[in-house]
Amino acid sequence: MRKWIVFLFAFIVLYFVCHFTSGILLTAWYTPNLTDAWLASESLPSNVVFSGPVFLPTFLLGAIAAAGAFFIATKVKRSA
């Protein structure tokens, strides 16, 4: 039971850290082009279409967090 609690806690923490870090990096590397945005604003449609969720980045961050949580859980099991 303790191994699962350690795994879940590590997974939640690592998943949050991965998303937080990717958000910071994407924000830091984003450079808006105001001229193109202003020119494109004249031809914007009047209704909004939302796309579906993007699966691959979320899956990769989850896989990285799960691998790290598994590694942490095995290390805690050996030391306890």
Side-chain angles (χ1 to χ4, degrees):
M1 181 72 169
R2 178 182 166 173
K3 186 170 90 172
W4 283 103
I5 293 171
V6 170
F7 177 80
L8 285 176
F9 182 73
F11 178 76
I12 290 169
V13 169
L14 289 174
Y15 193 69
F16 174 76
V17 168
C18 287
H19 272 285
F20 187 75
T21 305
S22 70
I24 287 175
L25 292 175
L26 289 172
T27 302
W29 293 336
Y30 178 72
T31 54
N33 190 344
L34 297 178
T35 306
D36 288 344
W38 181 258
L39 294 175
S41 67
E42 296 175 357
S43 63
L44 289 176
S46 60
N47 52 353
V48 178
V49 178
F50 293 102
S51 65
V54 180
F55 178 72
L56 187 61
T58 304
F59 177 75
L60 288 176
L61 288 176
I64 291 169
F70 178 76
F71 179 73
I72 291 171
T74 57
K75 289 294 183 187
V76 169
K77 180 182 173 187
R78 288 181 190 169
S79 66

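Residue numbers start at 1 and run along the sequence shown.
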Approximate separation, where rounding is to 0.5 Å, of Ser22 OG and Leu60 CG |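 Going from OG on Ser22 over to CG on Leu60, the span is 11.0 Å.
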Say you draw a straight line from CD1 of Ile64 to CZ of Phe11; how long is it, rounded to the nearest 0.5 Å?
->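 Atom-to-atom, Ile64:CD1 and Phe11:CZ are 11.0 Å apart.
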Search all heavy atoms of [X] against all heavy atoms of [Y] and return the closest pair with its distance.
X     : Y     : answer
Phe7  : Phe70 : CE1-N, 3.5 Å
Leu14 : Ala69 : CD1-N, 3.4 Å
Leu61 : Cys18 : CD2-CB, 3.6 Å

If the plane angle is over 60° it's perpendicular, under 30° parallel, otherwise tilted; pick one for Tyr15 and His19.
->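 Rings of Tyr15 and His19: perpendicular, as their planes differ by over 60°.
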Mind checking whether Trp4 and Ile12 sit in one hydrophobic cluster, side chains of I, L, V, M, F, W, Y counted as touching below 4.5 Å?
->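 No, Trp4 and Ile12 fall in different hydrophobic clusters.
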Cluster overlap Phe16 with Leu8, hydrophobic side-chain contacts below 4.5 Å =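 Per the 4.5 Å side-chain linkage, Phe16 and Leu8 are not co-clustered.
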